[in-house]
Amino acid sequence: MPTLGVDFSQIEQRALALGATADQMPYIMATTLNMAAENTRSYLIETTWPSSVTVRNRSFMKAALTTKDRARRRAI
(Lines give C-alpha, C1' and ligand atoms only; values in the text may rest on other atoms or scores of the structure.)
Protein backbone atom coordinates (compact mmCIF):
# COMPACT_ATOMS: atom_id res chain seq x y z
CA MET A 1 0.00 0.00 0.00
CA PRO A 2 1.39 3.45 -0.87
CA THR A 3 2.18 5.84 1.95
CA LEU A 4 1.80 9.59 2.01
CA GLY A 5 3.80 12.00 4.12
CA VAL A 6 2.16 15.33 4.87
CA ASP A 7 3.24 18.18 7.14
CA PHE A 8 0.17 19.05 9.24
CA SER A 9 1.96 21.54 11.50
CA GLN A 10 0.14 24.60 10.09
CA ILE A 11 -3.23 22.87 10.40
CA GLU A 12 -2.40 21.82 13.94
CA GLN A 13 -1.37 25.38 14.88
CA ARG A 14 -4.60 26.76 13.41
CA ALA A 15 -6.76 24.18 15.21
CA LEU A 16 -5.04 24.91 18.51
CA ALA A 17 -5.55 28.65 17.94
CA LEU A 18 -9.27 27.96 17.47
CA GLY A 19 -9.43 26.16 20.81
CA ALA A 20 -8.86 22.52 19.92
CA THR A 21 -6.85 20.47 22.39
CA ALA A 22 -3.91 18.25 21.45
CA ASP A 23 -5.88 15.05 22.11
CA GLN A 24 -8.45 16.13 19.49
CA MET A 25 -5.87 16.37 16.70
CA PRO A 26 -5.95 12.69 15.61
CA TYR A 27 -9.77 12.84 15.36
CA ILE A 28 -9.63 16.11 13.42
CA MET A 29 -7.07 14.69 10.97
CA ALA A 30 -8.97 11.41 10.49
CA THR A 31 -12.23 13.26 9.88
CA THR A 32 -10.59 15.67 7.44
CA LEU A 33 -8.94 12.87 5.45
CA ASN A 34 -12.16 10.85 5.32
CA MET A 35 -14.20 13.84 4.14
CA ALA A 36 -11.63 14.64 1.45
CA ALA A 37 -11.58 11.03 0.25
CA GLU A 38 -15.38 10.83 0.13
CA ASN A 39 -15.72 14.16 -1.69
CA THR A 40 -13.10 13.13 -4.25
CA ARG A 41 -14.77 9.74 -4.72
CA SER A 42 -18.18 11.33 -5.25
CA TYR A 43 -16.83 13.81 -7.79
CA LEU A 44 -15.03 11.10 -9.75
CA ILE A 45 -18.09 8.83 -9.78
CA GLU A 46 -20.72 11.47 -10.55
CA THR A 47 -18.83 13.90 -12.81
CA THR A 48 -15.51 12.75 -14.19
CA TRP A 49 -16.29 9.10 -14.99
CA PRO A 50 -19.58 9.60 -16.89
CA SER A 51 -18.20 12.49 -18.94
CA SER A 52 -14.98 10.66 -19.87
CA VAL A 53 -16.17 7.21 -20.93
CA THR A 54 -19.23 5.37 -22.15
CA VAL A 55 -20.60 3.95 -18.91
CA ARG A 56 -21.93 0.43 -19.29
CA ASN A 57 -21.93 -0.59 -15.65
CA ARG A 58 -22.88 2.27 -13.32
CA SER A 59 -21.77 0.43 -10.18
CA PHE A 60 -18.24 -0.28 -11.46
CA MET A 61 -16.64 2.96 -10.25
CA LYS A 62 -18.47 2.83 -6.93
CA ALA A 63 -16.98 -0.60 -6.31
CA ALA A 64 -13.56 0.33 -7.67
CA LEU A 65 -13.26 3.47 -5.54
CA THR A 66 -14.33 2.00 -2.23
CA THR A 67 -13.58 3.86 0.99
CA LYS A 68 -13.82 0.86 3.32
CA ASP A 69 -10.28 1.41 4.63
CA ARG A 70 -11.06 4.77 6.16
CA ALA A 71 -8.57 6.74 8.26
CA ARG A 72 -8.88 6.14 11.96
CA ARG A 73 -7.47 8.40 14.62
CA ARG A 74 -5.40 5.58 16.13
CA ALA A 75 -3.74 4.88 12.77
CA ILE A 76 -2.69 8.48 12.15
Side-chain angles (χ1 to χ4, degrees):
M1 166 143 326
T3 59
L4 174 67
V6 180
D7 181 12
F8 287 111
S9 60
Q10 290 181 344
I11 296 171
E12 183 176 0
Q13 290 172 1
R14 185 70 177 142
L16 293 172
L18 292 172
T21 60
D23 64 336
Q24 292 174 321
M25 293 310 297
Y27 175 75
I28 292 168
M29 293 301 169
T31 302
T32 302
L33 290 171
N34 289 334
M35 288 173 62
E38 188 57 41
N39 290 343
T40 302
R41 179 181 181 268
S42 295
Y43 185 81
L44 289 172
I45 290 170
E46 296 167 9
T47 306
T48 304
W49 182 250
S51 66
S52 301
V53 299
T54 301
V55 178
R56 300 190 196 292
N57 182 350
R58 293 203 172 271
S59 62
F60 173 75
M61 280 309 279
K62 289 180 184 178
L65 297 177
T66 184
T67 55
K68 69 177 184 172
D69 292 330
R70 298 175 62 101
R72 291 178 296 284
R73 62 185 174 150
R74 299 213 187 275
I76 293 179

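Residue numbers run from 1 in the order of the sequence given. All figures in this text were calculated on a predicted structure; none of them were measured in a lab.
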Item to check | Test log, rule side-chain contact (heavy atoms from CB on, under 4.5 Å), inputs Met61 and Arg41 | outcome: CA-CA 9 Å; Met61 280 309 279; Arg41 179 181 181 268; over 6 Å; no
Would you give the length of the straight line joining atom [atom1] of [X] to atom [atom2] of [Y], rounded to the nearest 0.5 angstrom?
| X | Y | atom1 | atom2 | value |
| --- | --- | --- | --- | --- |
| Asp23 | Ile28 | CG | CD1 | 9.0 Å |
| Ser42 | Lys62 | OG | NZ | 9.5 Å |
| Thr40 | Ile45 | OG1 | CD1 | 10.5 Å |

Checklist outcome for this item: Nearest heavy-atom approach of Met29 to Glu12 is CE-N, 4.5 Å
Checklist entry - Does the Ser51 side chain pair with the main chain of Thr48, one donor and one acceptor, at a distance under 3.5 Å? => result yes
Item to check | Same cluster (ILVMFWY, side-chain, under 4.5 Å), Leu44 and Phe60 | outcome: yes
Checklist entry - Is there a path of hydrophobic side-chain contacts, each under 4.5 Å between heavy atoms of I, L, V, M, F, W or Y residues, that connects Val55 with Leu65? => result yes
